[in-house]
Amino acid sequence: MNNTLVILLGPTGIGKTDLGIDIALYFNTEIISCDSRQFYREMSIGTASPSNKQLKKVKHHFINHISVTDYYSASRFEDDFMDLAKKLFARYNILLMVGGSGLYIDAAGGRIDKIPDVDPSVREKYLEKFHNEGLESIRADLRLLDPYYYRIVDLKNPKRIIRALEICETTGKPYSFFLQKKGKGRNFNIIKVGLTMDRQELYRRINERVDRMIAEGLEEEARELLEYRNCNALNTVGYKEMFSYFDGEISREKAIELIKRNSRRYAKRQLTWWARDDDIKWFHPQEKEGIIRHIETVKRNDEETK
RNA sequence: GGUGCCAUAGCUCAGUUGGUAGAGCACAGGACUGAAAAUCCUGGUGUCCCUGGUUCAAUUCCAGGUGGCACCA
């Protein structure tokens, strides 16, 4: 295989955007964003989306391509990505994906199984049941419909249980039936480059970036999106805390403090997600030359062993 | 300078009628297959300021020291 997808990943605030642009320029290619919040065109300050200036340097895809009122998912992203990759690989033999959304990166890499679409009303039904009758009630349903998954699922996590139930009901087969865990295989090579740094340094960067967002007008951006607060897209660090402040539940200072804390915690969850992925080669964001050399070396090896 | 109060986890503090201690926040670790910046689980991280004394035993009581705060000079 001669085509290569380089995935530049790392926790929020580590400096993926700038480094990604440099690397894309070096390889003379385009950037495919994989950030589940930068997709939304109405959100930009709080999501630290690339600036217009940055967008002009390198062609970016999947930035501002949907609205906060749209439904979107990892599966849709996979479809959109595969369509785009097919087109772009006609012109480039190397593409750069940049982002921090672990599940979406896995989707692009063919690591999530093909599972039929479900009617939103089924999810609604189980959500309602959960709210009215409690966790124990939907657990009991799952035990009946998919006893295998019941044994391995996090039984305290309603989202996991409801997701399984909606698949069971829609397809008539247990959710676990669809979890093949084999991976789909892709007709391009994948090189994963992870960015990491000392925790203290990362947290300092995150805190400073939140202060910058506030200075740039995050509060005003959030205020304009207040009417969409029930959309999933607005269930996002930086916005939900501002909404609490608008509601009078917390002070402005407290909101800023919580945005910092929740961003730090998010970064930690991202690192935990990737900790089990042995395909990732880790670098400090300052090691640009080392990263480029690594990409060139692996790419050459992949092409020789096609 | 004098008097009083305080000193316990990273922070704010509680507590031990003397048997080496616990809350909140911060933090640490983990899970994760179409909501994923979402959702969920686990964990107390400690020279109880220092030095003596009393005691079987002191973080706790006593004395001195050091530091902080308040008031008086």
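Only a predicted model underlies this, so the values are computations on that prediction, with no experimental measurement involved. The figures that follow rest on heavy atoms only: side chains count, while hydrogens, waters and symmetry mates do not. Below, chain A is the first sequence line, B the second, and so on; all start at residue 1.
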Answer yes or no: does a side-chain N or O of K268(A) lie under 4.0 Å from OP1 or OP2 of G29(B)? yes

Using only heavy-atom distances, determine whether the side chains of S244(A) and K240(A) contain a donor-acceptor pair under 3.5 Å. no

Can you tell me if the side-chain N/O atoms of Y71(A) get under 4.0 Å from OP1 or OP2 in G34(B)? no

Please give the distance between the C1' atoms of U8(B) and C40(B) as a whole number of Å. 34 Å

5'-most contact on RNA chain B (nearest-nucleotide basis), K260(A) vs I112(A), goes to K260(A)

Salt-bridge contact E303(A)-R300(A) (side-chain N to carboxylate O under 4.0 Å): no

Work out how far the C1' atom of A14(B) is from that of G52(B), and round it to whole angstrom. 29 Å

Can you figure out which of C32(B), U33(B), A35(B) approaches the side chain of R276(A) most closely? C32(B)

Which of C40(B), C32(B), U33(B) is nearest the side chain of P158(A)? It is C40(B)

Atom pair distance, as rounded to whole Å: CD in E166(A) and P in G34(B): 8 Å

Please tell me if R163(A) has a side-chain N or O lying less than 4.0 Å from either OP1 or OP2 of A36(B). no

Quick one: is the NZ or CZ of R223(A) closer than 6.0 Å to the six-membered ring centre of F246(A), and within 45° of its axis? yes

Looking for any heavy atom pair under 4.0 Å, which part of the strands does Y104(A) touch: base, sugar-phosphate only, or nothing? sugar-phosphate

Classify the ring geometry of F77(A) against F39(A): parallel below 30°, tilted from 30° to 60°, perpendicular beyond 60°. parallel

By nearest atom, which of the nucleotides U33(B), C32(B), C41(B) is closest to the D154(A) side chain? C41(B)

In terms of side-chain heavy atoms, does Y92(A) have a donor or acceptor partner in E30(A) at a distance below 3.5 Å? yes

Between R276(A) and W273(A), is NZ or CZ placed under 6.0 angstrom from the six-membered ring centre and within 45° of the ring axis? yes

Under-4.0 Å side-chain N/O to phosphate OP1/OP2 contact, Y72(A) with A35(B): no

Would you tell me whether E241(A) and Y245(A) have side-chain atoms, one donor and one acceptor, within less than 3.5 Å of each other? no

Return all side-chain donor-acceptor pairs below 3.5 angstrom for residues 283-290 of chain A, not counting sequence neighbours, or 'none' if the list is empty.
| unit_1 | atom_1 | unit_2 | atom_2 | d |
| --- | --- | --- | --- | --- |
| H284(A) | ND1 | Q286(A) | N | 3.1 |
| E287(A) | OE2 | H284(A) | N | 2.6 |
| K288(A) | NZ | D22(A) | OD2 | 3.2 |

Those residues of residues 117-126 of chain A lying under 4.0 Å from RNA chain B by at least one heavy atom: D117(A), R123(A)

Would you mind telling me which of A36(B), C41(B), U39(B) lies closest to the side-chain atoms of K156(A)? C41(B)

For D35(A), answer base if it contacts any base atom (sugar-phosphate contacts may also be present), sugar-phosphate if it contacts only those atoms, and nothing otherwise; contact means non-hydrogen atoms under 4.0 Å. base

OP1 or OP2 of U39(B) versus the side-chain N and O atoms of N235(A): is any pair under 4.0 Å? yes

Which of residues 189-201 of chain A sit near RNA chain B, with a heavy atom under 4.0 Å from it? R199(A)

What's the CZ-P distance between F130(A) and A35(B), to the nearest Å? 16 Å

Hunt down any stem RNA chain B takes part in, defined as 3 or more consecutive Watson-Crick or G-U pairs whose two distances are each under 3.5 Å. B:1-7 with B:66-72, B:10-13 with B:22-25, B:27-31 with B:39-43, B:49-53 with B:61-65

Whole-angstrom distance between U20(B) and A58(B), as gauged at atom P: 11 Å

So what does R76(A) touch, heavy atoms closer than 4.0 Å: a base, only the sugar-phosphate, or nothing? nothing

To the side chain of Y175(A), which of A36(B), U33(B), C32(B) is closest? U33(B)

Using atom P in both nucleotides, what's the gap between G22(B) and U16(B) to the nearest angstrom? 14 Å

Have a look at Y203(A) and say if it touches a base, only the backbone sugar-phosphate, or nothing, with a 4.0 Å heavy-atom cut-off. sugar-phosphate

d(CG, L165(A); C1', U33(B)) in whole Å: 16 Å

Side chain to side chain, L135(A) and I161(A), heavy atoms closer than 4.5 Å: yes

Going by side chain to side chain contact (heavy atoms under 4.5 Å, CB included), name the residues that satisfy it together with T47(A), two or more places apart in sequence or in a different chain. R37(A), Q38(A), M43(A), S49(A), Y239(A)

Indicate yes or no: at least one non-hydrogen side-chain atom of I167(A) is less than 4.5 angstrom from one of D146(A). no

When you compare the side chains of E221(A) and S44(A), does any donor N or O come within less than 3.5 Å of an acceptor on the partner? yes

Which residues share a salt bridge (Lys or Arg N to Asp or Glu O under 4.0 Å) with E42(A), sequence neighbours left out: none

Do D106(A) and U33(B) have a side chain to base donor-acceptor pair shorter than 3.5 Å? no

Salt-bridge contact D70(A)-R76(A) (side-chain N to carboxylate O under 4.0 Å): no

Taking the nucleotide of RNA chain B with the nearest heavy atom to each, does Y149(A) or R209(A) sit closer to the 5' end? Y149(A)

OP1 or OP2 of G30(B) under 4.0 Å from side-chain N/O of T272(A): yes

Could you tell me how far U55(B) sits from G10(B) if I compare only their C1' atoms? Round to whole Å. 35 Å

Take atom P in G67(B) and the same atom in G24(B), then report the distance between them in whole Å. 35 Å

